[in-house]
Amino acid sequence: MNWMEESKVDIRQYNGESLCEMLADKIWDYHREEWLKCPEFIQNACFLIDFDTELNMEGILTILKNTAAEYLPHIIKAFRAIGDSQDAEILAEISRCKPSEPVEKIVELEQQLYLNRDFDIWELLYQYLDKEIEKLK
């Protein structure tokens with residue numbers, strides 16, 4: 001299967017968890033627009049790994065101020081793809097906030113995201129990827 005920079009990767013050799021581990025090592029070598037050239041399930045994994053890293057390190061306010069903000073629709077789509085509609089809806093609401101709205105509203109919404117309610121998105125992502133990999137066999 002072609003993926004970033006037209007390199008060949010045999011995705012079938014991975015399971016969902018090992019694929020995430022591989023992607024977590026590789027995605028930082030590429031710009032986000034390169035991820036969009038990958039199959040949709042790889043894009044979804046990349047955007048969720050990236051979002052989780054940024055959210056843990058910087059928080060939602062920084063994400064909204066940097067280039068990751070323009071990719072929020074892809075992140076929302078990725079949450080929906082793995083079956084996490086609650087976080088998708090929270091992010092959709094955050095993305096609709098106007099710059100004039102109080103920061104407190106965004107911070108309050110951030111507190112409802114998976115990190116702050118001890119919800120494991122990773123198991124959902126692994127299961128989603130397992131199903132997508134199985135389709136390739």
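Here Glu34 pairs with Lys37 in a salt bridge; the nearest charged N to carboxylate O distance falls below 4.0 Å. Glu132 and Lys135 are joined by a salt bridge, as a carboxylate oxygen and a charged side-chain nitrogen come within less than 4.0 angstrom of each other. Using a 4.0 Å cut-off between charged nitrogen and carboxylate oxygen, Arg96 and Glu101 do not count as a salt-bridge pair. No salt bridge links Asp87 with Arg80; every basic N to acidic carboxylate O contact stays at or beyond 4.0 Å. A salt bridge links Glu54 to Arg32: one of the charged nitrogens lies within less than 4.0 Å of a carboxylate oxygen.
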For this session: Could you walk me through whether Asp25 and Met22 pass side chain to side chain contact (heavy atoms under 4.5 Å, CB included), step by step?
Result: CA-CA 5 Å; Asp25 283 341; Met22 185 272 291; 6.0 Å; no
Problem set entry | Evaluation steps, side chain to side chain contact (heavy atoms under 4.5 Å, CB included), between Leu36 and His74 | CA-CA 9 Å; Leu36 296 171; His74 298 286; 3.5 Å; yes
Problem set entry | Candidate pair Lys77 and Gln43, rule side chain to side chain contact (heavy atoms under 4.5 Å, CB included), full reasoning | CA-CA 10 Å; Lys77 182 182 85 166; Gln43 291 177 38; 4.0 Å; yes
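Distance check, rounded to the nearest 0.5 Å: CG of Asn116 to CG of Leu55 gives 7.5 Å. Atom CD of Glu123 and atom CD1 of Ile82 lie 10.5 Å apart (nearest 0.5 Å). Once rounded to the nearest 0.5 Å, the distance linking CG of Leu23 with CG of Asp50 reads 12.0 Å. The SG atom of Cys46 sits 15.5 Å away from the CZ atom of Phe51 when rounded to the nearest 0.5 Å. Between the CD atom in Glu21 and the CG atom in Asn15 there is a gap of 8.0 Å [rounded to 0.5 Å]. Distance check, rounded to the nearest 0.5 Å: CD of Gln86 to CG of Leu91 gives 11.0 Å.
Checked by atom type and distance alone, the side chain of Ser18 never pairs as donor or acceptor with a backbone atom of Tyr14 at under 3.5 Å. Side chain of Arg117 to backbone of Gln112: a donor-acceptor contact under 3.5 angstrom is found.
Looking at every heavy atom in both residues, Glu58 comes nearest to Thr62 through O-OG1, 3.3 Å. Scanning both residues, Ile76 and Ser95, for their nearest heavy atoms gives CD1-OG, 4.2 Å. Pairing each heavy atom of Cys20 with each of Leu125, the nearest pair is SG-CD2, 3.4 Å.
A heavy-atom distance below 4.5 Å is not found between the side chains of Phe79 and Leu124. Side-chain contact between Ile60 and Val107: absent, with no pair of heavy atoms (C-beta onward) separated by less than 4.5 Å. At a threshold of 4.5 Å between non-hydrogen side-chain atoms, the residues Asp84 and Phe119 count as touching. Leu129 places none of its side-chain heavy atoms less than 4.5 Å from the side chain of Ile11. With a 4.5 Å cut-off on side-chain heavy atoms, Lys105 and Glu93 count as touching. Contact annotation: the side chain of Leu109 approaches that of Cys97 to within less than 4.5 Å [non-hydrogen atoms, C-beta and beyond].
Counting non-hydrogen atoms of other residues, nucleotides and ligands closer than 6.0 Å to CD of Gln111 gives a total above 12.
Between the side chains of Glu33 and Tyr71, at least one donor-acceptor pair of N or O atoms lies under 3.5 Å. Residues Tyr128 and Asn44 bring a donor and an acceptor atom of their side chains to less than 3.5 Å of each other.
A distance below 6.0 Å separates the ring centres of Trp35 and Phe47.
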